[in-house]
Number of protein chains: 2
Amino acid sequence: MSAERLSPTSYVVLGMIGLRGPSTSYDLKRAINRSIGYFWVFPHAGLYSEPQRLESMGLLSASSEEDGRRRRTYSLTEEGLRELRAWLAAPTNEHFQLRDVAELKLFFNELGEPDDVHRLAREQIAQHQQRIQVYEEMQQRFGGVAGVAPRMVTLRLGLEMEHAALRFWSSLDEDLNRGDEAPAAEPPPS
Amino acid sequence: MSAERLSPTSYVVLGMIGLRGPSTSYDLKRAINRSIGYFWVFPHAGLYSEPQRLESMGLLSASSEEDGRRRRTYSLTEEGLRELRAWLAAPTNEHFQLRDVAELKLFFNELGEPDDVHRLAREQIAQHQQRIQVYEEMQQRFGGVAGVAPRMVTLRLGLEMEHAALRFWSSLDEDLNRGDEAPAAEPPPS
DNA sequence: GTCCAACGATCTGAAACGGACCATACGGGT
DNA sequence: ACCCGTATGGTCCGTTTCAGATCGTTGGAC
């Protein structure tokens, strides 16, 4: 019936409205930027156009609200909620995507100065450490132990990922310190 | 002088040609799909158009090669190499992006059946385990210990990330098993 | 008042994207 | 010889994404 191809953006919009109740585009933009937007950037323009599309599909309903202002508040329709829940219940098989420029640089490191990798590693270590600290503060502020509640759980995954990255870059840094002037090339053909 | 905004795609192209030597678009496509493309998808169409752009900027040079076939082989120019090395030497401050649909579903989990999260977690565990296995086999096949060599190092980061994800979903699964019918809502106000 | 900053929203042009499509080759099978 | 299937190699095209500029609105501070 519906199903004109819903994108991740669609579900973020539906989901956010589901969590927060009726919202304007701006509300969505802010709510997203302060949570999942930290890992997966949804450009703001999309958060204005997408709700309109969803409305035209009958998954959202809009009310022009109060004193004739142009801001519109969107709510989930029954069908919207059904769609959302169906998505939540459906299996997920796609591989995640990483998109990390640092990783790219690392991949091509042998084309630059030997020093570049080293600097890169240290940069990354510092940055990940800093973010871990920020997250941990957030976690505290939001109230103690991690549950399955939104925000909390995403924070937890975020932390896990940051720690992984940190571990990786740290061990790379150590390797570099040890071998320092070492080959940095292919392992010897056995 | 040059600098008409180079994207990650640009650098992947430059870098790959740097690593492999003169290449056709198809070569690039394959080389990328079997390495970094595993985490960061570069659509093939871009790998045909981007080298042309780079050529027109003077960062690549093209030779129409042999018997009048239509395939073109691109090589780095001096300026291309300089650009690439400058990029490798420059600091990197952008936050990586994650783009994981499973994470999205998790974030919105409370809108679905309590069972959904659980199923999701188990799915993810299975999938990550499987990928870890694949990577480890690759690592062996490519020759032993991880170095700073391309492929190797990317694999290593990939593994680290997969392990992190696995740890996360596993611990979530345990929590769910323990609390099973538990609230799945906010942590209790202390 | 009027100036500035933050808020809220829209528009636009350029990339990114993915999938359909075209072509050419190669290897069997019958 | 012919047909079929599959891998190689490349192009095109119609949507989405995306980022940034722009525009209006609001609400203090002075």
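Sequence lines set the chain letters: A, B, ... in the order given, protein chains first and strands last, and positions in each chain run from 1.
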*Asks:* Is any side-chain N or O of A/H44 under 3.5 Å from a base N or O of C/dG8, one able to act as donor and the other as acceptor?
*Replies:* no

*Asks:* How many whole angstroms separate atom OH of B/Y48 from atom P of C/dC21?
*Replies:* 18 Å

*Asks:* Taking only the side-chain heavy atoms of A/Y26 (C-beta and beyond), determine which of C/dG8, C/dA16, D/dT8 contains the nearest atom.
*Replies:* C/dG8

*Asks:* Rounded to whole angstroms, how far apart are CG on B/D27 and P on D/dT8?
*Replies:* 12 Å

*Asks:* Could you check which residues of residues 92-104 of chain B get a heavy atom under 4.0 Å from DNA chain D? Sort them by number, please.
*Replies:* B/R99

*Asks:* Ring centres under 6.0 Å, that's the criterion: do A/Y38 and A/Y135 meet it?
*Replies:* yes

*Asks:* Apply the test side chain to side chain donor-acceptor pair (under 3.5 Å) to residues B/S170 and B/D173: give CA-CA distance (whole Å), side-chain angles for both, the deciding distance (0.1 Å), then the verdict.
*Replies:* CA-CA 5 Å; B/S170 296; B/D173 183 47; over 6 Å; no

*Asks:* Return whichever of B/K29 or A/V41 has its heavy-atom-nearest nucleotide of DNA chain D closer to the 5' end.
*Replies:* B/K29

*Asks:* Looking at C/dA16, C/dT10, D/dT17, which one has an atom nearest to any side-chain atom of B/E50?
*Replies:* C/dA16

*Asks:* Does B/E79 pair with B/R82 as a salt bridge, N-O distance under 4.0 Å?
*Replies:* no

*Asks:* Rounded to the nearest Å, what distance is computed from the CD atom of residue B/Q52 to the P atom of nucleotide D/dG10?
*Replies:* 11 Å

*Asks:* Does CD in B/E136 sit with more than 12 non-hydrogen atoms of other residues, nucleotides or ligands closer than 6.0 Å?
*Replies:* yes

*Asks:* Out of D/dT16, D/dG9, C/dC7, which nucleotide sits closest to the side chain of A/R53?
*Replies:* D/dT16

*Asks:* With no hydrogens and no angle check, just 3.5 Å: does a side-chain donor-acceptor pair link B/H118 and B/R122?
*Replies:* yes

*Asks:* Without decimals, in angstroms, what is the distance between B/L6 CG and C/dA14 P?
*Replies:* 17 Å

*Asks:* Using the side-chain heavy atoms of B/T9, tell me which of these nucleotides is nearest: D/dG9, D/dA19, C/dA16.
*Replies:* C/dA16

*Asks:* To the nearest angstrom, how far is B/L47 atom CG from D/dT11 atom C1'?
*Replies:* 14 Å

*Asks:* Does A/S7 reach a base, just sugar-phosphate, or nothing at all? Heavy atoms under 4.0 Å.
*Replies:* sugar-phosphate

*Asks:* Would you indicate which nucleotide in D/dT17, D/dG10, C/dG18 comes nearest to any side-chain atom of B/P43?
*Replies:* C/dG18

